[in-house]
J.: 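Have a look at this one.
Since the model is a prediction, treat every value here as computed from it, not as a measurement.
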Amino acid sequence: MNAPDPTADRRTVPAGPGQSPAPDAPAAPETADDRRAVTGKRRIAFAAYADEARMPGLLVLLRSLALSDPAVCEDFLVLHPGLPDSAFDAARRLHPRLVPRPGEGPLDVFRVTGYDTVVALTTGTVVLGPLAPLLALRTGVAAVPSGGLAVIQLRDVTDPVLAASARGDRAAVHRALTDDGLLVPLASRYDVPAGHPHDDTPVPGSTVVLRFGEVEGEDCGAVEREGAAPAPSVSAAPARAARERYELDDEAFRAAYCALPGAKHPDLLLHIALPFPDGGHAPVDLVRQVAEVHRQQGRYDEAVALLAPAVADRPDLPRCHETLGTSLMALSRYEEAETHLLLATVSPDFAARAYGQLARLAWLLGRTEDARDYALEGLDADPADANCHAWYVRTRSGTVPASAGAHDGAGEQLAHVALFADGQENAGDKVLPEAVRMCFGPDTGPARWHERSVHRLVDEPGLEELNARRGIVVGGGGLFLPDTAPNGNSGWQWNIPDDVLARITAPLAVFAVGYNVFDGQRYRRERFAASLRALVEKSAFFGLRNQGSVERVRELLPEDLRDRVRYQPCPTTVARHLDPGLDGPAGADDRDETVLVNCAYDRAGLRFGHDYGHFLAETAAAVRAIGERAEVRYAAHMPADEKFVHDLRREHGIALPVEPLYLFSNDRIRRLYRRTRLVIGMRGHAGMIPFGCGTPIISLVSHPKLAYFLSDLERPEWGLSVHDRSLGARLAERAADVLDHHRAAVADVHGRQERLWSVTRANLAELQHLFGLPDPFAEEAAPHVPGPRNAAPARGLHLPDTRAK
């Protein structure tokens, strides 16, 4: 089944000028990758109705929202009675994600499309405190009786509510919400009415939303209780003073927002701070903040354009030099980057961090001794700096692989370009390169393979080393990702300029690489798309690890190159066929009575949105239930993954023993996953590695790649979105089913694996011919290769909740 299209239901309000494009519209050169249909992430918006008379109030509302909750920036829907597009110019200057839509009245908020949660406000309100807690609400329609604010979960809205809202009957809407049990009471601080000017009672300090009439003498709320008694009044004199704080002109508003302390939403900061006033000089710290946002969002050239003139002849700005140096490094302007990072080391506050970046820069350029020296200087500045320690360990004498450029047997080697994790890095990135090599034979060591980190610049000596080999294998892993070790040469993780790529003469195979862009992640496609075209043209084999990646990459290629992109499963998913020691009976007799859980926290905002608290509470309930059947242990692929264990203990009183996979050998990782009964994992390789070892899995989907993998297996039901409203109950139910029918579950894993092995065997036969290698699996029967498939079944991951409302 496919997930329901949120733009195609019966709550229809016509799209108007300025409305957001449909999810499938062609992407702009820079766009936020939208895969909500795959990950199940909620789409949230604020909304208000505004006609011409209400427009001044809308401006006050937008200013108060930004100044009172500067770290929140969701779409803001403005429902309007057909106003011209120019009527929203002033509002657009205040908010970067304004979405005007024609509507007949305030109650049309119950019938908007394309969103999951709408926070309905009135233009007579001002925001005095944070609204972020409202964005975490998940059920019903939350409101203060007789108030103007409502938090609407559109999936819960029933037909009687829709009918009443279509008639514009506010009292009937309230009756329908009450009759259907949808009303969720909100604390009164979220809707405090401004009263009559008879005394000087101050506005309560706990007030979050203060409500006036939208126009003179009127109070129009989204939800109003019929016959409700007046709420306690607040004197209009202090309330009026509170409102006047937000009756600002544009320049005063810009200055007030930029001067706020603490976290600011990057979209809001860019929108409000830029452009800097002509002829004036913006504070250098503000310039750095804006440049840092550009850097974090992948606009490295814009970060450089802002900071370079700001720090000219200013060696006394180490923090700015650090941001500038890091941005220049991301553009592959390494000499300039080194200069500015050295300037950043003069400050004790930034020295260790800057030396860590310098160590990485030197290592990228093959200057291993310089990298080690920089790491040591960073440790002198801060002996506890983990990044400098990692670079020192990686580059110290005896730990750096010797160059095989002059090796007598270079012509018999394959070059392997990949991400090679070491130290306490991601356990999946340790297992993966070895799995790739096992596809070509049992010898995975340096005699057979020339190792080349994907992040190191391919310069002239590097090109010579690659061309000296009998072939080049790039992959696997999610290398098509713009912000892990960014470089200006390719726009993805392989740091190779186009002109160097064009001079590769050894046969080139891209093997089991993934398109790893996160749901909601922004990136610029021009450099990546150009490099991708050159890579596909140069490659003799181009295989991606799931059909979702195949489809996404084909979208970026001209039509004549699309058919060259094919499916090659991640080799970790067929580990039983590569390592006979992992094979075994389908029963549970040789397994431990354990269930392993894994979570991931890199780019947590993109993974969880506003739903982390919900996810934690739901998984806590599931862990308790599963713990009655088996011992639940935690599998940490990285040290940062252990945040889940700490949060679970602090918030819900549950303590889990930890298996630190980042400290384990590859064999020990595989043995652990082979001996457990079930793995519940959020990282891609917390699903693929145990699956490859023959162990049942349940994926916690916070990234599209997990759904893509399950779609390839034709088992979307093995995944649950981290945003699923009933995550805890559904996870416990599915885990119980696996444990109750474990032999059948393992047999199903083995059966799913056969198709992946068939595809892999067929691809390897072609690659072995390409590289002139013998077939290490020649004794096996010829594989059956199924026909091509597409990624459409991935949408079936998120099914509607069919339980009675």
Side-chain angles (χ1 to χ4, degrees), residues 39-42 44 71-72 117 130-139 262-263 265 384 386 424-428 518-520 594-664 672 676 678-687 690 697-703 706 719-735:
T39 64
K41 185 188 293 184
R42 286 188 302 143
I44 301 173
V72 168
T117 301
L131 293 182
L134 300 181
L135 306 183
L137 299 178
R138 300 292 307 265
T139 59
H265 193 283
Q424 296 188 13
E425 295 184 273
N426 193 328
F518 281 72
D519 179 19
T594 60
V595 171
L596 294 178
V597 176
N598 162 268
C599 295
Y601 285 91
D602 53 310
R603 303 168 185 85
L606 295 175
R607 289 184 184 275
F608 300 109
H610 296 283
D611 290 342
Y612 180 63
H614 165 80
F615 165 77
L616 194 65
E618 292 291 309
T619 50
V623 165
R624 285 193 178 98
I626 298 167
E628 297 178 1
R629 308 287 305 277
E631 181 187 10
V632 181
R633 303 180 69 85
Y634 190 71
H637 277 225
M638 299 179 68
D641 291 0
E642 295 176 21
K643 174 177 169 58
F644 177 79
V645 177
H646 303 317
D647 290 351
L648 199 66
R649 182 173 59 245
R650 184 183 63 251
E651 299 295 331
H652 298 282
I654 299 174
L656 295 181
V658 175
E659 300 281 1
L661 272 64
Y662 51 86
L663 297 177
F664 292 1
L672 178 72
T676 194
L678 170 66
V679 176
I680 301 169
M682 189 182 297
R683 289 198 175 276
H685 280 106
I697 62 171
I698 298 174
S699 292
L700 298 171
V701 179
S702 66
H703 188 292
L706 286 92
L720 287 167
S721 169
V722 299
H723 308 277
D724 191 302
R725 183 182 290 190
S726 303
L727 174 62
R730 296 181 70 187
L731 181 56
E733 180 182 4
R734 292 189 185 182

J.: Please find the pair of heavy atoms, one from Y634 and one from V597, that lie closest to each other, and give the distance.
T.: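 For Y634 versus V597, the nearest heavy atoms are CD1-O, 3.1 Å.
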J.: Determine yes or no for a side-chain-to-main-chain donor-acceptor pair under 3.5 angstrom, with D724 supplying the side chain and S721 the backbone.
T.: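 No, D724 side chain to S721 backbone: no donor-acceptor pair under 3.5 Å.
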J.: Is there a donor in the side chain of Y662 and an acceptor in the side chain of D641, or the other way round, less than 3.5 Å apart?
T.: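 No, because no side-chain N or O of Y662 sits under 3.5 Å from a partner of the opposite role on D641.
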J.: Strictly by modelled atom types, are T117 and R42 linked by a side-chain donor-acceptor pair under 3.5 Å?
T.: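 A pair is found: one side chain offers a donor N or O, the other an acceptor, under 3.5 Å apart.
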J.: Looking at A263 and A71, what are the two nearest heavy atoms and their distance?
T.: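 Taking A263 first and A71 second, the nearest heavy atoms are O-CB, 3.9 Å.
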J.: Atom OG1 in T619, atom CG in D647: separation rounded to 0.5 Å?
T.: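 Output value for this atom pair is 9.5 Å.
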J.: Measuring only between side-chain heavy atoms, which start at C-beta, is L131 closer than 4.5 Å to V72?
T.: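 They are not in contact (no side-chain heavy atoms under 4.5 Å apart), so the answer is no.
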J.: Would you say that T39 contacts H703 through its side chain, given a criterion of any heavy-atom pair below 4.5 Å between the two side chains?
T.: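 The answer is no, as the side chains (C-beta and beyond) never meet within the 4.5 Å cut-off.
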J.: Output the distance between atom CG (L720) and atom CD (E618), rounded to the nearest 0.5 Å.
T.: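 Here the interatomic distance stands at 10.5 Å.
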J.: Specify the closest pair of heavy atoms between A732 and A625, including all atoms of both residues, with the distance to one decimal.
T.: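 That would be CB-CB, 3.8 Å.
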J.: Working to the nearest 0.5 Å, report the span between CZ of R624 and CG of L648.
T.: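 Taking CZ in R624 and CG in L648, the distance rounds to 7.5 Å.
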J.: Ignoring hydrogens and geometry, is there a side-chain-to-backbone donor-acceptor pair from R734 to G719 under 3.5 Å?
T.: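 Yes; judged by distance alone, with no hydrogens or angles, the pair exists.
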J.: Has the side chain of K41 got a donor or acceptor atom that lies under 3.5 Å from a matching backbone atom of D611?
T.: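 No, K41 side chain to D611 backbone: no donor-acceptor pair under 3.5 Å.
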J.: If you define the side chain from C-beta out and look only at heavy atoms, does anything of R633 sit under 4.5 Å from T676?
T.: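 Contact flag for R633/T676 side chains = no.
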J.: Above 12 or not: heavy atoms from other molecules or residues under 6.0 Å from CD of E651?
T.: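 Above 12, so yes.
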J.: Would you say that C599 contacts F615 through its side chain, given a criterion of any heavy-atom pair below 4.5 Å between the two side chains?
T.: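 Side-chain contact under 4.5 Å: yes.
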J.: How far does CZ of R725 sit from OG1 of T139, to the nearest 0.5 angstrom?
T.: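 Here the interatomic distance stands at 6.0 Å.
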J.: With a 4.0 Å cut-off on N to O distance, would you call D602 and R607 a salt bridge?
T.: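 Here D602 pairs with R607 in a salt bridge, since their nearest N and O are under 4.0 Å apart.
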J.: Can you tell if the side chain of L731 reaches within under 4.5 Å of the side chain of L700, non-hydrogen atoms only?
T.: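 They are in contact (side-chain heavy atoms under 4.5 Å apart), so the answer is yes.
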J.: Have a look at I680 and tell me which of I626, L596, V623 forms a side-chain contact (heavy atoms from CB on, under 4.5 Å) with it.
T.: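 Among I626, L596, V623, the one that satisfies the side-chain contact (heavy atoms from CB on, under 4.5 Å) with I680 is I626.
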J.: Stepwise, does the side-chain hydrogen bond (donor to acceptor under 3.5 Å, both in side chains) test hold for R138 with H614?
T.: CA-CA 9 Å; R138 300 292 307 265; H614 165 80; 3.3 Å; yes
J.: Hey, does the side chain of N598 reach the backbone of V679 with a donor-acceptor pair shorter than 3.5 angstrom?
T.: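 Such a contact is absent between N598 side chain and V679 backbone.
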J.: Search all heavy atoms of A686 against all heavy atoms of G681 and return the closest pair with its distance.
T.: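 So the minimum-distance heavy-atom pair works out to CB-CA, 4.0 Å.
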J.: Write down the atom of A620, the atom of I654, and the distance for their closest heavy-atom approach.
T.: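 Where A620 meets I654 most closely, the heavy atoms are O-CD1, 3.5 Å.
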J.: To the nearest 0.5 Å, what is the distance between OH on Y601 and CE on M682?
T.: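 Y601 atom OH to M682 atom CE measures 6.5 Å (nearest 0.5 Å).
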J.: Going from CD on Q424 to CG on L661, what distance comes out if it is rounded to the nearest 0.5 angstrom?
T.: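 Q424 CD to L661 CG: 12.5 Å, rounded to 0.5 Å.
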J.: Measure across G428 and H637 and return the closest heavy-atom pair with its distance rounded to 0.1 Å.
T.: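 Closest approach of G428 to H637: N-ND1, 3.7 Å.
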